[in-house]
Amino acid sequence: MMLDEFPSSPADLILWGLIATIVMTSVLEGSRGFGFSRMSLPFLVGMFFIGSRRWALILGLLAYTIGGWLFAFLYYFLFASVGIYTWWFGALIGALHGVFLLVAALPLLPFVHPRMASEYHGLTSMRQLEPPGFLALNYGYGTPVTTLLGQTLYGITLGGFLQLQIVIRA
Amino acid sequence: MSPRSSSQYARSSSGRLDSEVAGSSQSSYPPIEDYALIGDGRILALISNRGSVDWLCLPRFSSPSIFSRLLDTQGGRFFIRPRIEFDAKWKYLKNTTVLQTSFQTKDGAARVIDCVPIADGLNELQPMREVLRIIEGISGETDFEICIDLRPDYARKRPTLRHGTHLGWRYNWSNEFLAVRTDAGLDQVGQTLRGTLRVRAGERRYVSLSYSQADPGVFTLLGAAADQRLDATLEWWQAWSRNCTYVGPYKDAVLRSALTLKLLSYALSGAIVAAPTTSLPERIGGNRNWDYRYCWLRDAGLTMQAFVGLGLRDEARGFLSWLLHATRLTWPELQIMYDVYGLTNLREEELSHLEGYRGSRPVRIGNGAHSQRQLDVYGEVILAADVYVASGGTLEPVECRMLAGFGKVVCNQWRKPDHGIWETRGEPKQYTFSKLMCWVALDRLLKLNQKGIVSLGLLANQFCRQRDAIAATIEELGFNPGVASYVSELNGSAIDASLLLMPCVGYKSANDPRVMATYERTWQRLGRNGLLYRYEPADNQLGSREGAFGICSFWAAHHLACRPAMQQARKVFDHVLSFASDLGLFAEELDPDTGAALGNFPQAFSHVGLINAALAIESSSELR
């Protein structure tokens, strides 16, 4: 780890973690509005906690934003562990993160989400949400692309910010 | 004029005659009046009395259709009907928009209950939109066939169809999702789902279509959960119907009209669309086929009168809010129509791949008339505000300023030619009705000013002068002594049924000699079999004779009630009422010779006319 070489202050990291989360959320939610996907991660996260659509959206957006914010620190550790502070390395981490989400995390959701139906459970009064399926394709063929794009931009924002800091200091 | 009994049109339909229609055949299309409307204020579906959902647009009224069998035999549909010959009778369940179609076959009897559930999708996990159909055995055994042939985007897109063991059938296209949930077995035949089921007396089976756009889909539950959704929907509509205060002799017809207006009100904005359909022809085989899934300001004042007259205050406030909110995009000028969210670009497009209802081409979406100038709309909007205020409603200061702004436009523009209330395509003309409604605009603003509701300041003098100038112009150039009638255009000689509204909007007494003469001349020139055309054929630029206009015939009854000539008014009203569909619905037009419905269906304007005429008859009866 080369944390002592880290080019940014904690305050900057917090700020840019938030900015990266906003960028990613805007891309993912915007893709729904533009008709590329039906996946709403904030909604799915919110539905973990509550069955009311209204509160699920509000709580979900809050939880998702905080989660994205905290996740930024994991990215910072990764940057520091290899000592590469560039936008392209951020893009690489983001893309890998996106692939993991699509092929592993989202297909697992029906087994852990209390309100999600699955091909194995069938429907109950509690489980009525459509499952995402492999690569989240159930939510539209554009979903893998928009998810990868959102995650990659998240990584680019974080890596690009650190790269910028180094350039400015140099 | 000999009123027909409504029972002459009450009939049951016989089915299994159009099972697999290939190609274009006029007989394969049910008559327009053989459709029912169901909805929830967000979506509307037309169902034929042969059990087929032939028109459904998602996710809102003017969105592309997923079933458009109404306009093309290959447009897609969703039917549930007995497998063998049947007789069908149908009705709306009391004081609701839930439809019940009873099928009788030689083996048994069963009914299908159709509704769009009104669910709390915000506080619960419910689908964004659902169409629920419940099949219930009454006696014996009845074999049904089911066909779901989904054709999104006016049959231009092919959806993908997948099946999951526990989740059932799912359609996907664009970012849209539709789940088919049923306890009947369905098989995939191409992109179509087909199945059969047998119901015995007392059994209930379910088919539910649930739709999502831009959200993860939500699957619906069947059985007791579906029954609960139906019960909640019935209760909601019955509770809403209790708000309707009309108790006169035409209660059933008025309530059905009110329920239809409520269906045509878009719950998310308060807008009221003219009709749920596009391109149902004004003449079979003709080209007068327009998209009516938008909101016409022309209807505003009279619609407000209907809401206020029925005691529907929430609907009145919602509608006025929409009127004054939607028009901010173009204020102080008004466009003649807007979409449900107030959008103004309603570009017209022809769908050449659809053959049209009974071959009536073209099928149009969007409406090119949106860019026309129509000066009467200023009077309509201001009249709506005046009627609302007269009923005890209040206006926000910003709304008052908007109304005054409309008055300024009227002063500047009333001398200009326009396209008139009937949106005649071609060169604008000096229509008398447009001048009349400009007079109404300024007259009502001055009255609101006198009451201290709108503050016109120095504008009041200008408005007063212009109002009097408009009246002088109407009397000098809009009345033709040779014809002994007010006429369609200044210095013209053609008759226009819209001028029957003169006493209804307070321009002149119904007993004024000129107004009475106009009434007589209108019947003489525009009447046929007790119904009225809206104008004379010479004005018909597209060259095809359309049907009699539903609302004009109701205006005649309204006009007579204003005199009051009650016996005549009732006679005219009863006669027009006899042309209603089995379910009490009216299209835009009627064929005066056959009674067939023509044009988009059902039409808000016709039902507004029915309500206002019934209210006027009731009001005049009380005065006497």
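Reminder, nothing fancy here: chain letters follow the sequence lines and each chain counts from 1.
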On a heavy-atom basis, the closest approach of L125(B) and L129(A) is CD2-CG, 3.9 Å

Heavy-atom pair of closest approach, residues R53(A) and M128(B): NH2-N, 4.4 Å

Test: side chain to side chain donor-acceptor pair (under 3.5 Å). Region: residues 159-170 of chain A. Which pairs qualify, not counting sequence neighbours? S8(A)-Q165(A)

Tell me, for Y141(A) versus chain B, whether the close heavy atoms (under 4.5 Å) come from the side chain, the backbone, both or neither. side chain

Just by distance, do the side chain of Q128(A) and the backbone of F219(B) share a donor-acceptor pair under 3.5 Å? yes

Under a 4.5 Å heavy-atom cut-off, does chain A meet the side chain of D215(B), its backbone, both or neither? both

If you measure from CZ on R170(B) to CG on N138(A), what distance do you get to the nearest 0.5 Å? 5.5 Å

Count the heavy atoms of every other residue, nucleotide or ligand shown that sit under 6.0 Å from CH2 of W87(A), and state whether that count exceeds 12. no

If you count heavy-atom pairs within less than 4.5 Å of chain B, which of E29(A), R38(A), E130(A), M116(A) leads? R38(A)

Inspect the surroundings of CH2 in W173(B) and state if more than 12 heavy atoms from other residues, nucleotides or ligands are less than 6.0 Å away. yes

Residues forming a salt bridge (charged side-chain N to carboxylate O under 4.0 Å, His left out) with R198(B), sequence neighbours excluded: E141(B), D143(B)

Answer key: most heavy-atom pairs under 4.5 Å with chain B among S37(A), A117(A), S31(A) is S37(A)

Can you confirm whether more than 12 heavy atoms, excluding those of H113(A), are under 6.0 Å from its NE2 atom? yes

Please classify the contact of T220(B) with chain A as side chain, backbone, both or neither, using a heavy-atom distance under 4.5 Å. backbone

Contact class of S118(A) relative to chain B, heavy atoms under 4.5 angstrom: backbone

Would you say CZ of F100(A) has more than 12 non-hydrogen atoms from neighbouring residues, nucleotides or ligands within 6.0 angstrom? no

N175(B) side chain to R32(A) main-chain N or O, any donor-acceptor pair under 3.5 Å? yes

Contact class of L44(A) relative to chain B, heavy atoms under 4.5 angstrom: side chain

Heavy-atom contact with chain B under 4.5 Å, split by part of M47(A): side chain

